[in-house]
Amino acid sequence: MYNYQDLLNAGLKAAKIAGEILRNGYGTNFIIESKSEKNDLVTEFDKKSEIAIIDFLKSQYPESDFLAEESGLSNSDSDLRWIIDPLDGTVNFAHGIPIFAVSIAAEYKQEIVCGVIYQPLLQESFTAIKNGGAFFNSTPIRVSNVHDFSRSFLVTGFPYNIARHGRNWGEHFLSIVRSGVPVRRLGSAALDLAYTAAGRFDGFWEIGLSPWDVAAGILLVKEAGGLVMNYEGDEYSLGNDSIIACTPSIYQELSERMN
Ligand code: IPD
Ligand code: CA
Ligand code: CA
């Protein structure tokens, strides 16, 4: 059994260590490579950030397992597993766009128990503990209280392999844009979820995300009073191919547009 606040403190410290690395690297000349999709980039700072996070968490909890974007899965059947995106928004970072974050979640016995999303340039931290609420820096946050879908403000994203994706993603997007609802595409799913938890956005939808993109963010949205579902209408679980995260009052109308 772990003290979840201690896990969160360790995750936040790791995110701040990584954030300093990213802050110092942002805007410098660095190595950029393509992954399996040519526009899915990785920089030397994704790797440096991930190494620093794992080193710190291992120093605090040596028994930890990890699921981290750049180094993959380490599995020793520990009850404690950290799910890490060391730099969410790599394409932004690589192009000098200041929208990116570090995302770290802790799972205990396969349940997400705390999550941290840290925006290094603004030094904004979004944190949540299972059954303990969600916070912006140290202030409690709630999802927005918009009631009318037509007055909502939404955010989405598109996976790098979207052309091969089976879902009717183009129609979903168009149906919302046609309704006149303002939609943003920030390029960081972690920030999309953190901002939804904080009520800055009213809702978010996307397909094809990976566990490290969303593990911290889904806990944040839920602890802030939001819903996190898949397009089939079930509660979202890690590994699902579609996600809708929003303030409850607009869920019905948002989800109908994904069918
Ligand atoms: C990406 C971002 C983006 C989302 C992509 C993700 P990365 O993560 O979260 O918003 O649309 O699907 O892969 O590659 O910057 O860590
Ligand atoms: Ca990511
Ligand atoms: Ca990443």
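Indexing begins at 1, ligand by ligand and atom by atom, following the structure's order.
Annotation for ligand 1: atoms under 4.0 Å from non-hydrogen atoms of E69 are 16 (O). Ligand 1 places these atoms under 4.0 Å from at least one heavy atom of D85: 16 (O). Less than 4.0 angstrom separates some heavy atom of G187 from each of these atoms of ligand 1: 2 (C), 3 (C), 10 (O). The R185 neighbourhood of ligand 1 comprises atoms 3 (C), 10 (O), 11 (O), with distances under 4.0 Å to a heavy atom of that residue. Numbered from 1 in the order shown, with element, the atoms of ligand 1 that lie under 4.0 Å from a heavy atom of S188 read 9 (O), 10 (O). Annotation for ligand 1: atoms under 4.0 Å from non-hydrogen atoms of E206 are 4 (C), 5 (C), 11 (O), 12 (O).
Among protein heavy atoms, the minimum distance from atom 15 (O) of ligand 1 is reached at G89 N, 2.7 Å. Atom 6 (C) of ligand 1 has D213 OD1, 4.0 Å as its closest protein atom, hydrogens excluded (heavy atom only).
Side-chain atoms of N24 never come within 3.5 Å of backbone atoms of I21 as a donor-acceptor pair (strictly under, hydrogens ignored). Without hydrogens or angle criteria, T28 side chain to G25 main chain gives a donor-acceptor distance under 3.5 Å.
Residue contact check for ligand 1: G208 places no non-hydrogen atom closer than 4.0 Å to it.
Residues N230 and D241 are not in side-chain contact: their nearest non-hydrogen atoms beyond the backbone lie 4.5 Å or more apart. Side chains of L227 and Y236 form no contact here, defined as non-hydrogen atoms less than 4.5 Å apart. No side-chain heavy atom of L154 sits less than 4.5 Å from a side-chain heavy atom of F204. Contact check for F136 versus L220: no side-chain heavy atoms found under the 4.5 Å cut-off. In this structure, the side chains of L254 and I176 come closer than 4.5 Å at one or more pairs of heavy atoms.
Contacts with ligand 1 closer than 4.0 Å are made by heavy atoms of both the backbone and the side chain of A189. When non-hydrogen atoms are compared, ligand 1 lies under 4.0 Å from the backbone of D88 as well as from its side chain. Contacts with ligand 1 closer than 4.0 Å are made by no heavy atom of D192, backbone or side chain. Contact annotation: for E70 versus ligand 1, there are no heavy atoms closer than 4.0 Å.
Applying the side chain to side chain donor-acceptor pair (under 3.5 Å) test to pairs two or more places apart or on separate chains, those with a residue in residues 51-68 are Y2-E63, S64-W82, D65-S76. For residues 184-203, the pairs satisfying side chain to side chain donor-acceptor pair (under 3.5 Å) are D88-S188, E124-R200, S144-D202, with sequence neighbours left out.
For the pair V91 and ligand 1, the shortest N or O to N or O distance does not fall below 3.5 Å.
The nearest non-hydrogen atom to atom 16 (O) of ligand 1, considering only V214, T156, L87, comes from L87. By heavy-atom distance, the residue among F158, F100, Y160 lying nearest atom 1 (C) of ligand 1 is Y160.
Under the salt bridge (charged side-chain N to carboxylate O under 4.0 Å, His left out) criterion, E107 pairs with R81, sequence neighbours left out.
None of W205, Y231, F158 except one satisfies the ring-ring contact (aromatic ring centres under 6.0 Å, His included) rule with H172; the exception is Y231.
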Give the C-alpha distance, both sets of side-chain angles, the deciding distance and a yes or no for salt bridge (charged side-chain N to carboxylate O under 4.0 Å, His left out) between K130 and E111. CA-CA 9 Å; K130 176 96 190 147; E111 185 180 40; 3.7 Å; yes

Chi angles and distances behind the salt bridge (charged side-chain N to carboxylate O under 4.0 Å, His left out) call for E69, K47: CA-CA 9 Å; E69 180 171 11; K47 296 175 189 173; over 6 Å; no

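Here the Ca ion (ligand 2) has protein N, O or S atoms under 3.0 Å from it, and they come to 3.
Salt bridge K16/E20: absent, no basic N to carboxylate O contact under 4.0 Å.
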